[in-house]
Amino acid sequence: MGQLDGRVALVTGASSGLGVQFARTLAAAGARVVLGARRVERVRALAQELGDAALAVALDVTEEASTIAAYDAAEARFGTVDTIVANAGQSNAGRATELSLADLRSTVDTNFTGLFLTAREGAKRLIADGSRDHGRGRIVLIGSITAHMTGQGDSPYAASKAAVAHLGRNLAREWVRSGVNVNVIQPGYIRTEIGGDWWDGDGGKAQIAGWHRRRMMPIDTLDPMLVYFASDASRHVTGSVIDIDDGQSL
Ligand code: NDP
């Protein structure tokens, strides 16, 4: 028996990096998984890899109609989504003095508004499905350790991730009697597309050398916590914000 047998999970941003990893992990633990992203050919390929337990949907998290359509498709195939991994995110790195308004807006739209829309639509449907009685609603928001760090060149991203942490606690409070648990994972740096070629250059290498453990976290580092937050075992855990960063932010 898998820890997540019987669960229906939606992973946003499942076309790349952590989202792909999360989808594979949830499926391996027994969940049926709905894979959402704008690059639909990528989520289709992943769904094919995962077989009948997976469904690919076109999803732009910044668009409410797209979010609703993704949940509709998920429900039609598997029933109510009870496990939501709001993972889609982006970074428009650049010094604040040079950042365009369009880049600022798209960072906030994706990392904050998109995540809010994903969580809200999922919670509405869970509550309508009787989560207050069955208590199986699980929402995991993917934040970042940059929520509590300062740097040079990613201020809107960091601020949007600080907002994610606070949003998570507030949504947990709003839905505390509704059987929907909301928790936030704040990863440290992991090599994915979001970092571009930064880690290959001198700046990236110096950053890794500056961490206490002088190593990059592997992409599966978050898996055990994700499965825990998604499972019945975390019944009594809501409103948690947890760093998983190999001590990078210490
Ligand atoms: P990637 O760039 O590899 O993946 C980002 C994912 O987000 C893609 O699948 C992309 O899909 C999706 N996405 C972006 N915008 C939208 C949108 N409007 N609608 C739907 N999907 C969207 O980066 P990671 O896997 O590293 O990032 C995943 C999450 O982890 C992000 O929230 C990121 O901030 C966070 N994180 C990552 C860290 C790291 O070091 N890697 C550290 C801390 C946090 P598509 O373009 O196909 O729509």
Side-chain angles (χ1 to χ4, degrees), residues 10-25 33-47 56-71 84-93 102-103 105-119 121 139-149 151 154-165 167-168 184-199 204 207-208 211 215-223 225-226 241-246 248-249:
L10 168 68
V11 180
T12 70
S15 61
S16 173
L18 294 175
V20 171
Q21 177 67 26
F22 292 157
R24 287 185 177 136
T25 299
V33 287
V34 181
L35 317 168
R38 294 167 303 177
R39 288 172 292 179
V40 73
E41 69 294 343
R42 286 196 182 197
V43 281
R44 281 198 191 118
L46 182 58
V57 292
L59 171 63
D60 182 341
V61 295
T62 67
E63 298 290 338
E64 190 173 28
S66 176
T67 301
I68 290 169
Y71 275 99
I84 294 140
V85 183
N87 162 75
Q90 68 157 72
S91 160
N92 287 306
D103 280 351
R105 284 194 168 134
S106 77
T107 299
V108 175
D109 260 13
T110 309
N111 296 357
F112 178 73
T113 312
L115 188 139
F116 177 86
L117 293 175
T118 301
E121 187 61 26
I139 299 181
V140 182
L141 309 183
I142 304 301
S144 164
I145 52 168
T146 59
H148 55 78
M149 295 172 75
D154 224 357
S155 301
Y157 176 84
S160 73
K161 293 299 188 174
V164 167
L167 179 71
V184 182
I185 296 178
Q186 300 194 141
Y189 294 95
I190 296 176
R191 195 181 182 109
T192 65
E193 287 177 22
I194 207 170
D197 58 7
W198 168 252
W199 303 111
Q207 189 174 354
I208 294 170
W211 294 332
R215 65 186 185 193
M216 177 63 82
M217 295 197 297
I219 197 156
D220 61 0
T221 307
L222 313 173
D223 291 355
M225 187 55 71
L226 178 77
V241 180
I242 181 156
D243 284 356
I244 300 182
D245 71 349
D246 203 24
Q248 290 170 9
S249 65

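We count ligands from 1, going down the list as the structure has it; atoms in each ligand are counted the same way.
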Got a second to check how far Ile190's CD1 is from Leu222's CG, nearest 0.5 Å? 4.0 Å
In a check of side chain to side chain contact (heavy atoms under 4.5 Å, CB included) between Lys161 and each of Leu141, Leu115, Asn111, Thr107, which one passes? Asn111
Heavy atom to atom 19 (N) of ligand 1, shortest distance: which of Val40, Val61, Val11, Thr146 holds it? Val61
Nearest to atom 21 (N) of ligand 1, what protein heavy atom do you find, and at what distance? Ala88 CB, 3.5 Å
Closest to atom 12 (C) of ligand 1 among protein heavy atoms sits Gly13 CA, 3.5 Å
For Gly17, the ligand 1 atoms with a heavy-atom partner under 4.0 Å come out as 3 (O), 25 (O)
Between Gln90 and Thr110, does any side-chain donor sit less than 3.5 Å from a side-chain acceptor? yes
Reported CE-to-CD1 distance for the pair Met225 and Ile244, which is rounded to 0.5 angstrom: 4.5 Å
Counting non-hydrogen protein atoms only, what is the nearest one to atom 3 (O) of ligand 1? Give residue, atom name and distance. Ser16 OG, 2.5 Å
Is it the case that the side chain of Thr12 and the backbone of Ala88 share a donor-acceptor pair, with hydrogens and angles ignored and the cut-off at 3.5 Å? yes
Please report which non-hydrogen protein atom sits nearest to atom 18 (N) of ligand 1, along with the residue it belongs to and the distance in Å to one decimal place. Asp60 OD1, 2.9 Å
Is the closest heavy-atom distance from Thr12 to ligand 1 below 4.0 Å? no
Among Ser160, Gly188, Ser144, whose heavy atom sits nearest atom 42 (C) of ligand 1? Gly188
Starting from atom 26 (O) of ligand 1, which protein heavy atom do you reach first, and at what distance in Å? Thr192 OG1, 2.5 Å
Regarding Asp154 and Ser91, do their side chains bring together a donor and an acceptor under 3.5 Å, going by distance alone? yes
Enter the distance from Gln186:CD to Thr146:OG1 here, rounded to the nearest 0.5 Å. 8.0 Å
Does Arg42 reach the side chain of Leu46, with side-chain heavy atoms less than 4.5 Å apart? no
A student comparing Lys161, Gln90, Arg38 should find that the heavy atom closest to atom 48 (O) of ligand 1 comes from Arg38
Considering only the protein, which heavy-atom contact is closest to atom 25 (O) of ligand 1, and what is its distance? Leu18 N, 2.8 Å
Between Asn92 and Ser106, do the side chains contain a donor N or O and an acceptor N or O under 3.5 Å apart? yes
Heavy atom to atom 29 (C) of ligand 1, shortest distance: which of Ile194, Asn87, Ile190 holds it? Asn87
Which class fits the ring pair Trp211 and Tyr189: parallel under 30°, tilted 30 to 60°, perpendicular over 60°? parallel
For atom 20 (C) of ligand 1, the protein heavy atom that lies nearest, with its residue and separation: Leu59 O, 3.2 Å
Using a strict 4.0 Å cut-off to heavy atoms of Tyr189, name the atoms of ligand 1 that fall inside it. 40 (O)
Options Gly143, Ser15, Gly196, Gly89, ranked by nearest heavy atom to atom 44 (C) of ligand 1, top entry: Gly143
Tell me: protein heavy atom nearest atom 33 (C) of ligand 1, and distance? Tyr157 OH, 3.5 Å
